[in-house]
Amino acid sequence: MVVRVFGANRSYFLIDRYMMDSGDSMITRRWVLFGGLIAALLPRRGMANSTDLVIEVNLPADRWQAGILRLKRANGETLTEDLTVYGKADNGRAAQEGNPARSPVLPFGDTPEGGYSVPRMVSTGSGTAYTDRSYGPNGALVLKPESGDAKVAEGNGRTGLLIHGGDLSSSGKLRATHGCLRLSNADMDRLLAAIREAGNNPVLQRCEVVEVSVLVGPTGVDEPGPDESDPPPGIDALLEPLGLRLN
């Protein structure tokens, strides 16, 4: 299965590879990323027609409440049910970092509105730089700011964010982050599965984050993971991947 995602100046290809042990049982799954040069080695037939995809995120003005994430085709067809997403920063850490109001355009604030490109997917969980508790076991999507408040925030050091999972709180609620978008692990798995199953050569065109005043969702809690940061660990190396990258 090949999934193409757009960076700023080039497209990239991701292959869902299943690693097999000596008994041919599946033991793990990893995303393998190939840059534009390696794409020349892939079969060309079937790559001409792509399935253009958009991630749409609606976040409430009251960020204590969760919002809605949808995967859509470029023509507007929705490919997922409404997935509950949390875009609130942790109050305590934001205050410690000089941003007590959790301004989205400042470090450790809420998730900024605006447009993002999606330069790649990364593996999370055991054996990666992103722990199960904080980021979930299913993988994450890298978001690179391109417009709106997201671009303003980039100038203040928020160079990139993630859409990721992570453990729920002890009360079963989504936990705050330091600016990323968090889904439940189950919903993160649903999102990545929908991308893979969208059709031949699915292309992630962009992610649009919009704040809406009337959306009322479940509330979350302030319990970010101890290894989460703003920007996320290692994000700068993931915004402009070059050549072959294994995650």
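We count residues from 1, following the sequence as given.
With hydrogens and angles disregarded, a donor-acceptor distance shorter than 3.5 Å links the side chain of T111 to the backbone of C180. A donor-acceptor pair is defined here as one N or O able to donate and one able to accept, closer than 3.5 Å; no such pair exists between the side chain of D82 and the backbone of I68. Of the possible polar contacts, one joining the H164 side chain to the S134 backbone as a donor-acceptor pair under 3.5 Å is found. Judged purely by atom type and a 3.5 angstrom limit, T177 has no side-chain atom pairing as donor or acceptor with the backbone of L181. Judged purely by atom type and a 3.5 angstrom limit, T78 has no side-chain atom pairing as donor or acceptor with the backbone of T80. R102 contributes no side-chain N or O that, together with a main-chain N or O of D90, makes up a donor-acceptor pair within less than 3.5 Å. Side-chain atoms of T159 never come within 3.5 Å of backbone atoms of D236 as a donor-acceptor pair (strictly under, hydrogens ignored).
Residues in residues 53-67 take part in these salt bridge (Lys or Arg N to Asp or Glu O under 4.0 Å) pairs, two or more places apart or across chains: E56-R70, E56-K72, R63-E211.
N99 places none of its side-chain heavy atoms less than 4.5 Å from the side chain of P107. In this structure, the side chains of Y86 and R175 stay at 4.5 Å or more apart for every pair of heavy atoms. Residues V152 and P112 have side chains not in contact (no heavy-atom distance under 4.5 Å, counting atoms from C-beta outward). Residues I195 and M121 meet the side-chain proximity criterion, which asks for heavy atoms closer than 4.5 Å. Put simply, the side chain of L204 reaches to within 4.5 Å of the side chain of L141, judged on heavy atoms. Considering only heavy atoms from C-beta on, P119 comes within 4.5 Å of K144 through its side chain. No side-chain heavy atom of L183 sits under 4.5 Å from any side-chain heavy atom of R190. In this structure, L162 and V142 have side chains that are in contact, with non-hydrogen atoms separated by less than 4.5 Å.
Salt-bridge formation is detected for the pair R158/D230: a Lys NZ or Arg NE/NH1/NH2 atom is positioned less than 4.0 Å from an Asp or Glu carboxylate oxygen. The residues D222 and R93 are annotated as not salt-bridged, no charged nitrogen and carboxylate oxygen being separated by less than 4.0 angstrom.
Nearest approach of G160 to P145, heavy atoms of both residues: CA-CD, 4.1 Å. A89 approaches F108 most closely through the heavy-atom pair CB-O, 3.3 Å. Here the closest non-hydrogen pair linking V57 and C207 is CG2-SG, 4.0 Å. For A150 against G115, the heavy-atom pair with the smallest separation is CB-O, 4.2 Å. Considering every non-hydrogen atom in both A74 and V54, the closest pair reads CA-CG2, 4.4 Å. Residues L174 and V85 come closest through the heavy atom pair CD1-C, 4.2 Å.
Hydrophobic clustering, with ILVMFWY side chains joined whenever heavy atoms are under 4.5 angstrom apart, groups Y130 together with L239. When the side chains of ILVMFWY residues are joined at heavy-atom separations under 4.5 Å, either directly or via intervening members, L83 and M188 end up in a single hydrophobic cluster.
Atoms CD1 and CG, from I55 and L143 in turn, are 7.0 Å apart once rounded to the nearest 0.5 Å. Of the inter-residue distances, the one linking T84 atom OG1 with L69 atom CG reads 9.5 Å to the nearest 0.5 angstrom. Taken from CZ in R206 to CG in L53, the straight-line distance is 10.5 Å, to the nearest 0.5 Å. A distance of 10.0 Å separates CD of E77 from CG of L71, quoted to the nearest 0.5 Å.
In this structure, the side chain to side chain contact (heavy atoms under 4.5 Å, CB included) partners of S170, at least two apart in sequence or on a different chain, are E223.
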